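For this chain, numbers begin at 1 and follow the sequence in order. Below, each value reflects all heavy atoms present in this structure, side chains not excepted, and no hydrogens, waters or symmetry copies. Note that this is a predicted model, so its numbers are computed, not measured.
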Amino acid sequence: MRDAVEALEHHVQAPRSLCAHSILSAAMLCCQGLADVRIEGLPAPRPLSLFMLAVAVSGERKSACDDLALMSVARAEAQLRAEHVEELREYKATHAAFEAEKKKIERDNKLSHEERRQRLRALREPDVPLAPVIRAKEPNLEGLLNLLQIGRGSVGIFTSEGGQFLGGHGMTQEAKTRTVTGLSELWDSGSAQRVRARETLFLNGCRVGISLAAQPRVASALLGDELAKDQGFVGRFLITMPDSRIGLRQIRGTNPLTDMRLTDFHDLCRQCLNAGLPLREGSRNQLEPPVLDLDPDAAILWRQFAQSVEDGCAPGGPWVPVRSAALKMAENVARIAAVSTVFQAPSITWPSRIARADRVLEATVPAETMAAAIAVGTFYLQEALRLTGHAILDPETRAQNELAEWVAEKHSPGDLTAPSILQKMAPSHLRTDAATLRRRVEALVGFGRLEPAGRQEIGGKAYRETFRVLGEAA
C-alpha cells in the first residue's frame, strides 16, 4: 500500500498522512468482511474494521484522496445498483405470483385445514433483493442497523464531509448514547441489537468500518464530548490532523488513472470486493469470516508493542494523556496488520484455504507486516498525543478564542463590560454557567484582551465587577 500512498501524494499533493489515511480506509472497507484476526488475551477473534478520522480544513483535498482511493468501490456500487434494478423487477414478478398462489390456496374450499396449512407452508415467499449499498454517508444508528438487516453484511460509513455524520440526527443529545454504544459494539464484535415496543432486532456477523474527514470545529465536538470519551468511542478512532499544504502546492497536470501504482491498488480492491463474503449457512447476509492468526514472530512483535503501550499508560507514562486511544492501539495494530495481509492476497481467505474445522486459515500475518502495522499504530499514538489540548481542537480553548474575537468585534479599546453583560449578549453557544464564564474572562485577562476595572457604571447601571477592553496589541 506504500506505493499507492506515494502515488496519491504525487497526484493530489495532499499531506502524506491524509493520503495514507485514505488508502488504509479503502483497503479496510474492501476486505473487512473476509476474515477476523485472533488477538492474544481476547476471548474471540476480532473484526478487521477500523474507525478513522482525518481532521483537515477545507481545501486540503481529502475528497480528492478518497475519490481516487475508492474508485473500485464506486464501480462496485454502480454495478450493484444496476443489478439491483433487474433483481427488483424479478422480485416483483415472483412476489406477485406468490401472492396469487397464496390467495388461490386460501380460497380453495375443497382443502381441509391440514391440507391448506401444508400447501401454504410449502410456498416460499421470495426474498427482497439486498440493498446495493457499500458506503453510507450519514446514517443514524437505526438507519445503519436497518441497512445491515436488508443489505450487505459489510458496509462503511464513509464521508469527506464529517459534519454530515457528526452533526446529524444520530449524534444529537437524545440519540448520542445509542449511537456511541451501538457503534462501539459493532467495532468490538460485529453485533448489535435494537429492542423496541413493537420490534426486536438482533444482528450478528456484521462489519462496519468508519472513515470520516471533518473540519476542526466539527471534529472538536466529538473529540471533546465527555460521553464519547467515557464510553471509549473516541479511543477506538485512528485520528490524524496533518499540517496544511495549502499554499505549497504546484498547479500542474497529472494523470493518476495511468499510474500503475494506483492501478495495482485498484486491482487489489477489486479482487477483495469480488472474493465473495463468507456467509453463515442459511443466511443471505450474516457473515462467518475465517480466522487469521499471527505467525510466531509477528505474535512476539505484537506482544512487545502491547506491553510497551501498557507500561506507557502507568502513572507518569508518556501515553497517560491519551490513555483511551493507547489502550485500544494494540488491538488496532493487529487489525491493521490483518487488513494489510488480507488485502495484499485476498485469495488466502478462500474456503479451500481454511485449514481446520474451527475455520482457521492456513495463512498467517507475517512479522514484516506486523512491524509495518506497529509503525502505523505508533504514528497514530503520537498524533493523538500531539493533538491533546491542541488549540484548534480543544473545545474550551476554542470557546475562549471565540469570546475574545467577539469582544474585539463588538467593543472598542477602552470600553467597559461585565460578566453579566457577556452572559446576556455573547453568542448563544458561548453563554454558560457563571463559573465557566469566569474562567473564560480570566483567560482573556491573561491573553491581554481585558483588564480588571473594579466597580463601574455601564450604560447608567452600576456593576460591582467590570473589565476594560484592551485590544489585541495590548
Side-chain angles (χ1 to χ4, degrees), residues 17-18 21 24-25 28 46-47 49-56 62 138-141 144 156-189 192 208-242 309-310 312-313 317-336 376-399:
S17 61
L18 211 57
H21 211 74
L24 178 57
S25 62
M28 175 273 296
R46 288 305 208 216
S49 306
L50 300 172
F51 286 4
M52 307 182 70
L53 172 63
V55 184
K62 180 64 169 68
E138 49 174 325
N140 57 26
L141 183 65
L144 177 63
I157 300 174
F158 271 58
T159 177
S160 295
E161 299 296 335
Q164 293 179 326
F165 175 71
L166 297 176
H169 174 71
M171 294 300 285
T172 60
Q173 281 303 126
E174 299 77 16
K176 190 185 300 178
T177 300
R178 294 196 304 273
T179 300
V180 165
T181 55
L183 289 174
S184 296
E185 186 178 6
L186 285 165
W187 186 88
D188 290 342
S189 62
V208 177
I210 298 178
S211 179
L212 307 175
Q215 295 190 21
R217 184 185 297 270
V218 175
S220 68
L222 172 67
L223 301 182
D225 187 273
E226 292 300 323
L227 173 67
K229 289 193 292 188
D230 291 346
Q231 292 289 333
F233 183 62
V234 172
R236 288 170 168 82
F237 273 84
L238 302 172
I239 303 171
T240 183
M241 189 175 79
V309 172
E310 180 72 24
C313 289
W319 306 128
V320 169
V322 291
R323 183 178 289 167
S324 178
L327 293 176
K328 295 292 184 185
M329 192 55 70
E331 181 171 343
N332 266 320
V333 160
R335 293 179 183 222
I336 293 168
V376 173
T378 302
F379 164 79
Y380 279 113
L381 262 183
Q382 291 169 341
E383 275 288 272
L385 195 61
R386 181 176 72 88
L387 298 179
T388 299
H390 197 293
I392 295 179
L393 293 179
D394 180 64
E396 183 56 28
T397 303
R398 281 186 47 246

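You'll find the side chain of Phe379 reaches within 4.5 Å of the side chain of Thr240, heavy atoms only. Counting heavy atoms from C-beta on, the side chains of Met329 and Leu238 come closer than 4.5 Å. Here the side chains of Val55 and Pro216 are in contact, with some heavy-atom distance below 4.5 Å. Side-chain contact between Leu50 and Ser25: absent, with no pair of heavy atoms (C-beta onward) separated by less than 4.5 Å. You'll find the side chain of Val333 stays beyond 4.5 Å of the side chain of Val376, heavy atoms only.
For Ser189, the side chain to side chain donor-acceptor pair (under 3.5 Å) test picks out Ser191, with sequence neighbours left out. Listed by chain and residue number, Val309, Cys313, Trp319, Leu381 satisfy the side-chain contact (heavy atoms from CB on, under 4.5 Å) test with Ala326 (two or more places apart in sequence, or in another chain). Taking the salt bridge (Lys or Arg N to Asp or Glu O under 4.0 Å) definition, one finds that Glu383 meets it with Arg386, sequence neighbours left out. Shown here are the side-chain contact (heavy atoms from CB on, under 4.5 Å) partners of Pro318, two or more places apart in sequence or in another chain: there are none. Shown here are the ring pair (Phe, Tyr, Trp, His ring centres under 6.0 Å) partners of Phe158, two or more places apart in sequence or in another chain: there are none.
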### Task
Check the pair Asn332, Arg236 against side-chain contact (heavy atoms from CB on, under 4.5 Å), reporting the backbone distance first and the verdict last.
CA-CA 8 Å; Asn332 266 320; Arg236 288 170 168 82; 5.5 Å; no
### Query
Please walk me through it: do Asn140 and Arg178 pass side-chain contact (heavy atoms from CB on, under 4.5 Å)?
CA-CA 9 Å; Asn140 57 26; Arg178 294 196 304 273; over 6 Å; no
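With rounding to the nearest 0.5 Å, the separation of CG in Leu141 from OG1 in Thr179 is 5.5 Å. Taking OG from Ser17 and CD1 from Ile239, the interatomic distance works out to 13.0 Å, rounded to the nearest 0.5 Å. The distance from atom CE of Met52 to atom NE2 of His21, rounded to the nearest 0.5 Å, is 4.0 Å. The line from OG of Ser184 to CZ of Phe233 is 6.0 Å long, rounded to the nearest 0.5 Å.
Taking the six-membered ring for Trp and thresholds of 30 and 60 degrees, Phe51 and Phe237 have ring planes inclined between 30 and 60 degrees apart.
Legend: side-chain hydrogen bond (donor to acceptor under 3.5 Å, both in side chains) pairs involving residues 321-330, not counting sequence neighbours: none detected.
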